[in-house]
Protein chains: 4
Amino acid sequence: MNESSFSKTRCKRKGKNTLAKRRGQKYEQIIEAAVKVIAQNGYHHSQVSKIAKEAGVADGTIYLYFKNKEDILVSLFQEKMGKFIQKIEDELAGESSIEEKLLVLITMHLQQLQDDYSLAIVTQLELRQSNLELRNRINEVLKGYLKLIDTVILLGIEEGIFSEDIDVRIARQMIFGTIDEVVTNWVMKEHKYNLVLQAKPVHGLLLKALTK
Amino acid sequence: MNESSFSKTRCKRKGKNTLAKRRGQKYEQIIEAAVKVIAQNGYHHSQVSKIAKEAGVADGTIYLYFKNKEDILVSLFQEKMGKFIQKIEDELAGESSIEEKLLVLITMHLQQLQDDYSLAIVTQLELRQSNLELRNRINEVLKGYLKLIDTVILLGIEEGIFSEDIDVRIARQMIFGTIDEVVTNWVMKEHKYNLVLQAKPVHGLLLKALTK
Amino acid sequence: MNESSFSKTRCKRKGKNTLAKRRGQKYEQIIEAAVKVIAQNGYHHSQVSKIAKEAGVADGTIYLYFKNKEDILVSLFQEKMGKFIQKIEDELAGESSIEEKLLVLITMHLQQLQDDYSLAIVTQLELRQSNLELRNRINEVLKGYLKLIDTVILLGIEEGIFSEDIDVRIARQMIFGTIDEVVTNWVMKEHKYNLVLQAKPVHGLLLKALTK
Amino acid sequence: MNESSFSKTRCKRKGKNTLAKRRGQKYEQIIEAAVKVIAQNGYHHSQVSKIAKEAGVADGTIYLYFKNKEDILVSLFQEKMGKFIQKIEDELAGESSIEEKLLVLITMHLQQLQDDYSLAIVTQLELRQSNLELRNRINEVLKGYLKLIDTVILLGIEEGIFSEDIDVRIARQMIFGTIDEVVTNWVMKEHKYNLVLQAKPVHGLLLKALTK
DNA sequence: TATGAATGAGACTTCATTCAT
DNA sequence: CATGAATGAAGTCTCATTCAT
C-alpha cells in the first residue's frame with residue numbers, strides 16, 4: 001500500500017440489481033480466489049474468468065457480487081485492510097507506553113503480511129498496477145491506517161516523549177514509507193528472510209527519529 | 001521508484017539497428033513524448049500510436065529505436081534516472097559534512113521531481129503499473145541510486161557521526177522509503193504544495209534517526 | 001492436397017472450452033464460412049473478421065471454437081477430408097474388381113471436388129499457401145487417403161492383376177500425383193470443362209501402367 | 001512447380017526507371033540470395049531486408065532490379081527454370097529412342113533438383129505459398145516445360161511407340177504430376193534418400209502407361 | 001547507382017461484460 | 001440466484017516500399 005488509499009465506503013446501488021447480498025458465502029469465496037489468483041499470476045494475467053474458476057462460480061456470478069473487475073480489487077483491499085487495521089488497533093489498546101505502541105504497530109504490520117504472503121504480493125506489487133481512479137479508491141481505504149499512525153504520533157507528542165516540533169504528516173510518511181519499503185523489499189527478494197525480525201531495527205531507527 | 005530498480009544495461013537489438021541509433025535525435029524525441037503522454041493519459045491509455053504522434057514520427061519508427069512498448073518505459077527510466085543520479089552525485093561531491101550530504105540528497109531528489117512533474121507522475125505512479133519482469137528491469141536501474149544512499153550512510157558511520165549499530169540496509173530503506181512516500185503523496189495531492197520545502201523536516205527526522 | 005497431409009487429431013484447448021464445443025452448430029457455420037471466404041478472396045485476404053461476418057458470429061466467437069486462424073484451416077481440412085475419404089471408402093466397398101475400384105477412386109475424387117468448387121480451390125490452391133508447420137499437420141490428414149490408395153494397389157498385386165514388381169510408394173505417388181495435377185489444372189482453368197469426364201482416360205493410363 | 005507456370009516474358013517498363021539493368025552482377029546476387037533465404041527461412045519469413053542483407057546490398061537496391069518482392073520470386077523462377085529446361089532440352093537432343101528420351105527427362109528433372117536442394121525446397125514448397133496472381137505468372141514460366149513434355153509424347157505417338165488414343169493433355173498431367181509428386185515427397189521427407197534412384201521405377205510405370 | 005531511415009496501413013487476438021435461459 | 005456462451009472494441013507490431021541524400 002502506498003500511503004494513499006483506504007476506506008469503508010461502499011458504492012450504493014439502487015433497485016433490484018443492488019449488491020445488498022455482498023455478505024454471502026460466495027462473496028468471500030471470490031475475494032479469496034482473487035487474492036490467490038492475483039498473487040499467483042500477477043494482476044495482468046488475472047482474468048475475471050480465472051478468478052471465477054478458482055472461486056468455483058460462473059463468470060457471470062462475479063457480477064452479482066461486484067460491480068466490475070475493479071470493484072473486486074477495491075473490495076479485496078477493503079476487506080483485508082479492515083481486518084488488518086482492526087488487529088493492530090486491538091493490539092495497540094493493550095499497550096501503555098508509546099514506545100511499545102510503535103513497536104507493536106511495526107511488528108503487527110510486518111507480521112500480518114509475513115503470515116499471508118499472497119496478500120503481501122497483492123498489496124505491495126499487484127495492486128499498484130492500477131489506474132489512477134482505482135488508486136484513489138484504494139487510498140481512501142488506506143486513510144484509516146494512516147490515521148491510526150497519526151494517533152500514535154500525536155499521543156507520543158502529548159505524552160512529551162516525541163518532540164513537539166515534529167511535522168505529523170511528515171512523521172507519518174516516514175513511518176509508513178519505511179515500513180512499506182521494508183515489506184516491498186522483502187516481497188521482491190521472494191521473502192527469503194524473516195520479515196518480522198526487521199521490526200526491532202526499524203523500531204529503533206524510527207523511535208530515535210521521533211523522540212526528543 | 002520502489003527501492004528496486006536502476007541500471008545502465010541496454011537491451012540488444014539484432015542486425016543493423018543497434019545502440020548507435022539510440023543516440024539519434026528521434027530517440028530523445030520519443031522518450032520525451034513518452035513521458036508527456038504517459039503523465040497525461042496514464043500508462044494504460046498511452047498507446048504506441050499516441051506516443052508516436054506526440055513525438056512527430058510514424059508508429060513504425062518507434063520500433064527502430066525500441067524493441068517494444070515496454071522497452072520505451074525501461075529506456076525512459078534508464079535515461080531519466082541516469083541523469084537523476086548523476087546530478088545528485090555531482091552535487092554531493094561538493095559537500096563536506098555528512099549532514100550536508102544527506103540534506104543535498106533529499107533536496108535534490110525532491111527538487112528534480114518537483115521540476116519535472118510529468119516525470120514525477122511517471123516514476124511515482126505510472127511506472128509501477130508494470131508486470132514483474134518490467135519491474136525487475138526497473139529495479140536494476142534503481143540499484144545505482146540505492147548504492148549512492150548506502151555510500152552516504154557508510155560515510156556517516158565511518159566519520160563517527162552515524163551510529164555503528166545501524167543496519168545499513170534498513171537505514172537505506174528508511175531514507176528511500178521516506179522520501180519516496182513524501183513524493184508520492186505530493187503527486188497524489190496534485191502537487192498543491194511546495195515539495196522541496198519538505199526537505200528540511202525530512203532531513204531533520206532522518207538525521208536524528210541516524211546520528212549517534 | 002499434396003501427398004503429405006491427413007488425420008483425425010484434434011488440437012486440445014484448455015479449460016472448459018474443449019472438444020464438446022466442436023460439435024456445436026456454430027462450429028459447422030464457421031467451417032462453411034471459411035471455405036466460402038477463402039475460395040472467394042484467397043487465403044491472404046481472408047481475415048478472421050471476414051470469416052466471422054460470413055458465419056454470422058462475432059469475431060471473438062471464432063476463438064471459442066478454434067485456437068487461432070491456422071486452426072480453422074486445419075480443422076476445415078480435417079472435417080472435409082474426413083468425409084471425402086469416407087465417401088470413397090464406402091463406394092469402394094461396393095466394387096468387386098480391382099479395375100472398378102481404381103475407376104471409382106478416381107471418379108469419386110474428381111466428382112467430389114467438381115461438386116464443391118469452393119472446396120477444390122481451397123484444397124488445390126489456398127491451403128498450400130501455408131507454412132511448413134501447417135503443411136505438416138495437413139499432411140497428417142492426407143495420410144489416410146494415401147493409405148487408401150496403397151490398399152487398392154496392394155489388393156491389385158495380391159489378386160495378380162497388378163505386377164508384383166511395382167514399387168507401391170511410387171505407384172501411389174503416380175496415382176495421387178496424376179489425379180491431383182488433373183484437378184489443379186481444372187481449377188486453374190476456372191473449371192471450364194467437365195472434370196469427371198477426365199476420369200476415364202486417367203483410369204485408362206493408370207491401369208495400363210499398373211497391370212501386368 | 002505445379003503444372004501451371006513458366007515463361008520468358010518480362011514486364012516491360014518505360015522511361016528512366018526501367019529495369020533494363022536486370023543483367024547486372026547484383027541481379028544475380030539477389031536471385032541467389034533469395035533462393036538461399038527462402039529455402040532457409042521459408043517464404044513467410046523471407047523479408048526483403050533479409051534477402052538484401054544476404055545479397056550484400058541495401059534494401060532500396062532491390063528495387064532498382066526488381067519491381068517488387070513478387071517480382072523477385074517470379075524472376076527467380078524464370079531464371080532457374082530457363083536453365084532447368086535448357087539442360088533437359090540439350091540432353092534430349094542427344095537421345096534417339098523415345099524410351100530413352102522419357103528416361104532422360106525424368107532423370108534430369110530429378111537430378112537437377114537433387115543437386116540443388118535449396119531450389120527444390122523453393123519450387124516444391126515455398127513458391128506455392130503465393131497468391132493467385134503470382135501463381136499465374138509462375139504458370140506462364142512452367143508452360144515451356146509442359147510443352148517439352150508434350151513434344152516427347154507427340155513424338156512417341158508419331159513413331160508409333162505410344163498409343164494414338166492417348167489424350168496428350170492427360171498424359172502430360174500424368175507425367176508432370178507423377179514426377180512432381182515424387183519430388184515433393186522427397187523434399188518433405190527431408191531428402192533422406194536418393195531421388196535420382198526413383199527415376200527408373202517412375203520411368204517403368206510411365207512408359208508402360210503410354211506404350212501401345 | 002546506391003543507400004537505409006522512415007513510413008503507415010493492416011490484422012490477429014484478448015477479455016471484461018452481458019443476457020437469455 | 002446462477003450460468004457461461006457470445007460479444008466486439010481495441011492495440012501492438014511487422015514489413016514492403018519510398019525517397020532524400
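Excluded from the calculations below are hydrogen atoms, water molecules and symmetry mates; all remaining heavy atoms, backbone and side chain alike, are included. Convention: sequence-line order gives letters A, B, ...; per-chain numbering from 1.
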Report yes if a side-chain nitrogen or oxygen of K26(B) is closer than 4.0 Å to either non-bridging phosphate oxygen (OP1 or OP2) of dA5(E); otherwise report no.
no
Measure the spacing between CG of N41(D) and CD of Q47(D) and express it to the nearest 0.5 Å.
7.5 Å
Criterion side chain to side chain contact (heavy atoms under 4.5 Å, CB included) against I62(A), the qualifying member of N68(A), I30(A), D71(A):
I30(A)
Using whole Å, report how far CD1 of I72(A) lies from P of dC15(E).
15 Å
On the ring face of Y43(B), is K69(B) found with NZ or CZ under 6.0 Å from the centre and within 45° of the axis?
yes
Of the non-hydrogen atoms in I51(C) and S46(C), which two are nearest, and what is the gap between them?
CD1-O, 4.2 Å
Return the stems involving DNA chain E, sorted by first number, where pairs are Watson-Crick (N1-N3 with N6-O4 or O6-N4) or G-U wobble (N1-O2 and O6-N3), both under 3.5 Å, and runs are 3 or more long.
E:2-21 with F:2-21
May I have the distance from Y65(C) (atom OH) to dT7(F) (atom P), rounded to whole angstrom?
9 Å
Check the distance between dT13(E)'s C1' and D71(C)'s CG and give it to me in whole angstrom.
14 Å
Starting from C1' on dA16(F), measure out to CD1 on I62(D) and report it in whole angstrom.
11 Å
Taking CG from L64(A) and P from dC19(E), how many angstroms apart are they, rounded to a whole number?
13 Å
Contact pattern, 5' to 3', of nucleotides 8-13 of chain F - B, S or - by protein heavy atom under 4.0 Å
B--SSB
Here the distance between atom C1' of dA6(F) and atom OH of Y27(C), to the nearest Å, is 19 Å
Point-to-point distance, once rounded to the nearest 0.5 Å, from OG of S118(B) to CD of E126(B)
11.0 Å
Take the protein atom CZ of F66(D) and the nucleotide atom C1' of dA2(E), then report the distance between them rounded to whole Å.
15 Å
Spacing of CG belonging to L119(A) relative to CD belonging to Q124(A), to within rounding of 0.5 Å:
8.5 Å
Minimal non-hydrogen separation, L125(D) against R135(C), with atom names:
O-NH1, 3.6 Å
Under the side chain to side chain donor-acceptor pair (under 3.5 Å) rule, collect the residues that match up with Q40(C), sequence neighbours excluded.
none
Length of the line joining K53(C):NZ and dA11(E):C1', which is rounded to integer Å:
16 Å
Parallel under 30°, tilted from 30 to 60°, perpendicular over 60°: which one fits the rings of Y27(C) and Y65(C)?
tilted
